[in-house]
Student: 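The following block contains the structure, expressed as structure tokens.
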Amino acid sequence: MPELAEVEFFRKRWSAGIGGCVDRVHVHGTKRIFRGEAVERLPAVLTDAVLVDSERKAKQMLFRLSTATLGIHLGMTGELLVAGADFVPGKHDHLVIYQRERALIFRDPRLFGRVRFTLGTDDPAWWKVLPEELTARSFTKARLREVLQRRGKAPLKAVLLMQEFFPGIGNWMADEILWRGGFLPDRRSGTLTELEIARLYREIREVVKISLKTIGNSTGETFGDPPRGWLFHERWTAKGCCPKHGVTLNTATVGGRTTRWCGICQPIGKLM
DNA sequence: TCTCGTGTTTCTTG
DNA sequence: TCAAGAAACACGAG
């Protein structure tokens with residue numbers, strides 16, 4: 001479930017390879033994962049390069065090597081893994097970077113993810129133009145108000161999923177934010193009062209911050225869960241209940257995505 | 001066998 | 001021309 005915090009977890013997983021030299025590279029070159037890239041050049045470019053560092057912006061990752069940069073987006077089902085140097089790639093292991101002591105693996109069964117690479121050590125142009133993080137100072141209440149008004153007729157849920165405004169927010173995080181704030185997902189974005197905008201702003205910051213802390217910083221085999229009492233733990237099955245009221249969650253498609261909410265916590269809908 | 005889905009891009013509609 | 005919604009992408013899980 002790669003939303004911003006899970007992406008952070010996967011990025012750190014590959015940190016095991018920082019400082020290491022690339023022995024060889026395996027690619028499934030014909031796959032859509034590499035769309036638009038001259039993938040046939042990738043093994044030659046990366047072999048003998050050193051993995052220098054990595055960074056995440058929203059759901060995007062950039063791995064900097066001594067000869068090139070590697071941009072990775074996990075799509076819906078992508079993941080990064082680390083295995084021993086004798087790792088044998090499976091059907092869905094589209095990129096494997098072998099170092100002396102380990103293999104860094106990018107796996108994605110549904111091929112919605114993307115790998116891009118750029119020669120040289122400068123950060124690529126697409127990376128430089130990504131919007132600033134929601135944890136940055138530039139994300140202010142005034143900025144939120146402006147976005148909500150600009151997309152005034154769209155449901156709140158749909159607007160929260162727009163990456164140009166809310167980089168890193170995905171389906172479960174949007175549901176979590178709306179549930180905590182008491183907003184019905186199909187509420188028109190332009191109808192929020194000043195007090196409600198303040199509440200939404202606070203919940204966006206909180207959910208991002210706590211998710212990064214609990215999921216993004218996990219060090220185990222799999223990423224950890226967000227705190228008990230979050231909607232997260234209930235929203236995956238039809239039997240899921242509101243953590244506060246115990247009532248079965250409602251389900252509908254809002255903004256093109258499966259959305260779950262509590263009829264008691266989140267009472268006020270469209271209003272337009 | 002059928003339906004669903006954690007993301008993004010492109011197409012269609014209004 | 002713009003905003004919003006739908007469809008498409010590809011595959012495994014239930």
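When reading the values below, keep in mind they use all heavy atoms of this one structure, side chains included, and skip hydrogens, waters and symmetry mates. This is a predicted model, so every value here is computed, not measured. A, B, ... follow the sequence lines: proteins, then strands. Residue 1 opens every chain.
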Student: Tell me, which of residues 200-209 of chain A have any heavy atom that sits under 4.0 Å from an atom in DNA chain B?
Tutor: none
Student: Share the residues that join I105(A) in a hydrophobic cluster, the rule being Ile, Leu, Val, Met, Phe, Trp or Tyr side chains under 4.5 Å apart at the heavy-atom level.
Tutor: L81(A), F87(A), V96(A), Y98(A)
Student: Sequence neighbours left out, what pairs pass salt bridge (Lys or Arg N to Asp or Glu O under 4.0 Å) with at least one residue falling in residues 155-170 of chain A?
Tutor: K157(A)-D175(A)
Student: Go through the structure and list residues passing salt bridge (Lys or Arg N to Asp or Glu O under 4.0 Å) with E37(A), not counting sequence neighbours.
Tutor: none
Student: What stem regions, each of at least 3 consecutive Watson-Crick or G-U pairs below 3.5 Å, can be found for DNA chain B?
Tutor: B:2-5 with C:11-14, B:7-14 with C:2-9
Student: Which residues, ordered by chain and number, are linked to I264(A) in its hydrophobic cluster, where ILVMFWY side chains connect at heavy-atom gaps below 4.5 Å, directly or through other members?
Tutor: V247(A)
Student: Could you note down all residue pairs passing side-chain hydrogen bond (donor to acceptor under 3.5 Å, both in side chains) where residues 112-126 of chain A supplies at least one of them, sequence neighbours left out?
Tutor: R64(A)-D123(A)
Student: Going by side-chain hydrogen bond (donor to acceptor under 3.5 Å, both in side chains), name the residues that satisfy it together with S54(A), two or more places apart in sequence or in a different chain.
Tutor: R11(A)
Student: Please write out the pairs of protein N or O atoms and N or O atoms of nucleotides 4-7 of chain C separated by less than 3.5 Å, giving the distance to one decimal.
Tutor:
{"from": "dA4(C)", "atom 1": "OP1", "to": "K153(A)", "atom 2": "N", "distance (Å)": "3.3"}
{"from": "dA4(C)", "atom 1": "OP1", "to": "A154(A)", "atom 2": "N", "distance (Å)": "3.2"}

Student: Let's see if you get this right: which residues in residues 105-114 of chain A place a heavy atom under 4.0 Å from DNA chain C?
Tutor: P109(A), R110(A), L111(A), F112(A)
Student: Among pairs that include at least one residue of residues 72-86 of chain A, which meet side-chain hydrogen bond (donor to acceptor under 3.5 Å, both in side chains), considering only residues two or more places apart or in two chains?
Tutor: T77(A)-D108(A)
Student: In the hydrophobic clustering (ILVMFWY, side-chain contacts below 4.5 Å, transitive), which residues join W179(A), or is it alone?
Tutor: L231(A), L249(A)
